2 protein chains.
Amino acid sequence: MPKNCNFIEKLREAGLRPTKQRIKMCEVLYNREKTFHFTINDLVKIISEKMNEKISLATVYNTVHAFEKKGYLKEISIDSHKSYFDTNTSAHHHFFDEDTHELIDCDESDIDKINIRKNIKGKKINSVEVLVRVASDNQTQK
Amino acid sequence: MPKNCNFIEKLREAGLRPTKQRIKMCEVLYNREKTFHFTINDLVKIISEKMNEKISLATVYNTVHAFEKKGYLKEISIDSHKSYFDTNTSAHHHFFDEDTHELIDCDESDIDKINIRKNIKGKKINSVEVLVRVASDNQTQK
DNA sequence: ATCTACATTATAATAATTCTAAACTATTGA
DNA sequence: TCAATAGTTTAGAATTATTATAATGTAGAT
Ligand SMILES: [Mn+2]
Ligand SMILES: [Mn+2]
Ligand SMILES: [Zn+2]
Ligand SMILES: [Zn+2]
């Protein structure tokens, strides 16, 4: 979803009723300069602490999954223990900072096109995504 | 761990007491031709159904995590909802079959070396792994 | 054989997520 | 306008995966 867009219209187009909870969540998620990577927990915290709003946890889950189904959010597998979501729904690669647990998007120029030589009979490729795990390089440490 | 190895010795070397539960689990995990990718649930099922053994669920978790810490198993992030483990602990790429939820290892020749042009200040790269999601290509379907 | 540190186990606790069913509300159209 | 209705929110219960606890068992040392 584009930044500063008319969320009421966008929600309607997606067949989702523009309730105040959903509009608030759109603002949190999409009124940003950069891609937003988050866990449900992050999102709940932002809504309650930064926005001083109260949206039921069940609604946050429902809405995130509704947005995911409509293609406005994408789930990212980084950690088997919790779900990360991404407002950048295109196929793209990531850096994952193992110190801060932060995800950073790669753009086209950051990683050369991946060349897959193998193919699995009867199967087509749905996506090819690279995860680069990084951590502080402690060159100053012994 | 090599196939058909002396698991008692291997466990001792790792500083792990070779208990009967651990030896049994080594047999299930490492007496195989190919890399084994599994969830805890898969493993428990194999132990109880195929091996007709009873190992407490807590022990399965403890042992898998002990093996992981010693570098005999590696956790793979495919699905935020459950943990996959891999007996191939080297850095390698995967195909993931979205129909069967099966992981397949790539070998060196399957994917060309990944060229990363970006670097994050103060961070070093720990790993670069590619996940290729595949699904049945249904060319016969409408 | 005895000791002891470590391991196993059943069970309880926790955490993430989903379900349920009642209350609420956005939209429709009389 | 204003009910009717279908979709939505909500608190709380249920479920699932995982981890903690604490009692019991056992491998390895003496
Ligand atoms: Mn999900
Ligand atoms: Mn883990
Ligand atoms: Zn991203
Ligand atoms: Zn593998």
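By convention in this document, chain letters (A, B, ...) are assigned in the order of the sequence lines, proteins followed by strands, and residues within each chain are numbered from 1. Since this is a predicted model, take the numbers as computed values, not measurements. What you see below is based on every heavy atom in this structure, not just the backbone, and it leaves out hydrogens, waters and symmetry mates.
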- Message: Parallel, tilted or perpendicular, judged at 30° and 60°: which one describes the rings of B:F96 and B:Y84?
- Response: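 Geometry flag for B:Y84 against B:F96: perpendicular rings.
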
- Item | Sequence neighbours excluded, every pair satisfying salt bridge (Lys or Arg N to Asp or Glu O under 4.0 Å) that has a member inside residues 46-63 of chain B |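 Qualifying pairs: B:K24-B:E53.
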
[atom1] of [X] versus [atom2] of [N]: gap in Å, rounded?
X: B:L57; N: C:dT9; atom1: CG; atom2: P; answer: 11 Å
X: A:L11; N: D:dG7; atom1: CG; atom2: P; answer: 16 Å
X: A:F85; N: C:dA16; atom1: CZ; atom2: C1'; answer: 12 Å
X: B:I23; N: D:dG28; atom1: CD1; atom2: C1'; answer: 13 Å
X: B:N62; N: D:dT26; atom1: CG; atom2: P; answer: 17 Å
X: A:K69; N: C:dT18; atom1: NZ; atom2: P; answer: 11 Å
X: A:M25; N: D:dT10; atom1: CE; atom2: P; answer: 11 Å
X: A:L43; N: C:dA16; atom1: CG; atom2: P; answer: 15 Å

Please check if atom [atom1] in [X] has more than 12 non-hydrogen atoms from other residues, nucleotides or ligands closer than 6.0 Å.
X: B:K69; atom1: NZ; result: no
X: B:E13; atom1: CD; result: yes
X: A:E9; atom1: CD; result: yes

Residue-phosphate contact under 4.0 Å: [X] side-chain N/O, [N] OP1/OP2:
X: B:Q21; N: C:dT9; answer: yes
X: A:S83; N: C:dT17; answer: yes
X: B:H65; N: D:dT18; answer: no
X: B:Y61; N: D:dT18; answer: yes

- What pairs with A:K74 under side chain to side chain donor-acceptor pair (under 3.5 Å), at least two apart in sequence or on another chain?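 Partners of A:K74 by the side chain to side chain donor-acceptor pair (under 3.5 Å) criterion, ordered by chain and then number, come out as A:E129.
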
- Reckon A:T59 touches a base, only the sugar-phosphate, or nothing at all at heavy-atom distances under 4.0 Å?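 It contacts base atoms.
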
- Message: Suppose the criterion is side-chain hydrogen bond (donor to acceptor under 3.5 Å, both in side chains): which pairs have a residue in residues 37-48 of chain A, not counting sequence neighbours?
- Response: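 Output for this query lists A:H37-A:D86, A:H37-A:H94, A:H37-A:D105, A:T39-A:D42.
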
- Kindly compute the distance separating CZ (B:F36) from CZ (B:F85), expressed to the nearest 0.5 Å. 12.0 Å

- Note on the structure: Rounded to the nearest 0.5 angstrom, the CG-CG distance for A:L43 and A:L29 is 5.5 Å

- Message: Under 4.0 Å between a side-chain nitrogen and a carboxylate oxygen: does that hold for B:K123 and A:D137?
- Response: no

Identify which nucleotide among [options] has an atom closest to any side-chain atom of [X], counting heavy atoms from C-beta outward.
X: A:S56; options: D:dA11, D:dA17, D:dT8; result: D:dA11
X: A:R12; options: D:dA17, C:dT8, C:dA26; result: C:dA26
X: B:P18; options: D:dG28, C:dA7, D:dT8; result: D:dG28

- Note on the structure: Between A:A135 and B:N126 the two heavy atoms that sit nearest each other are CB-ND2, 3.5 Å

- Message: For DNA chain D, which residues of residues 45-55 of chain A approach it to below 4.0 angstrom with any heavy atom?
- Response: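 The answer is A:K54, A:I55.
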
Polar-atom pairs under 3.5 Å, protein N or O versus N or O of nucleotides 3-5 of chain D: list them with distances, or write none.
none

- Taking five pairs at each end, how big is the angle between the two axes of the helix from C:dA1-D:dT30 to C:dA30-D:dT1, to 10°?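 If I round to tens, the end axes sit 10° apart.
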
- Message: Side chains of A:Q21 and A:T59: any donor to acceptor distance under 3.5 Å?
- Response: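 No.
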
- Message: Need to verify one output field. Residue with the more 5' nearest nucleotide on DNA chain D, B:A58 or A:A58?
- Response: A:A58

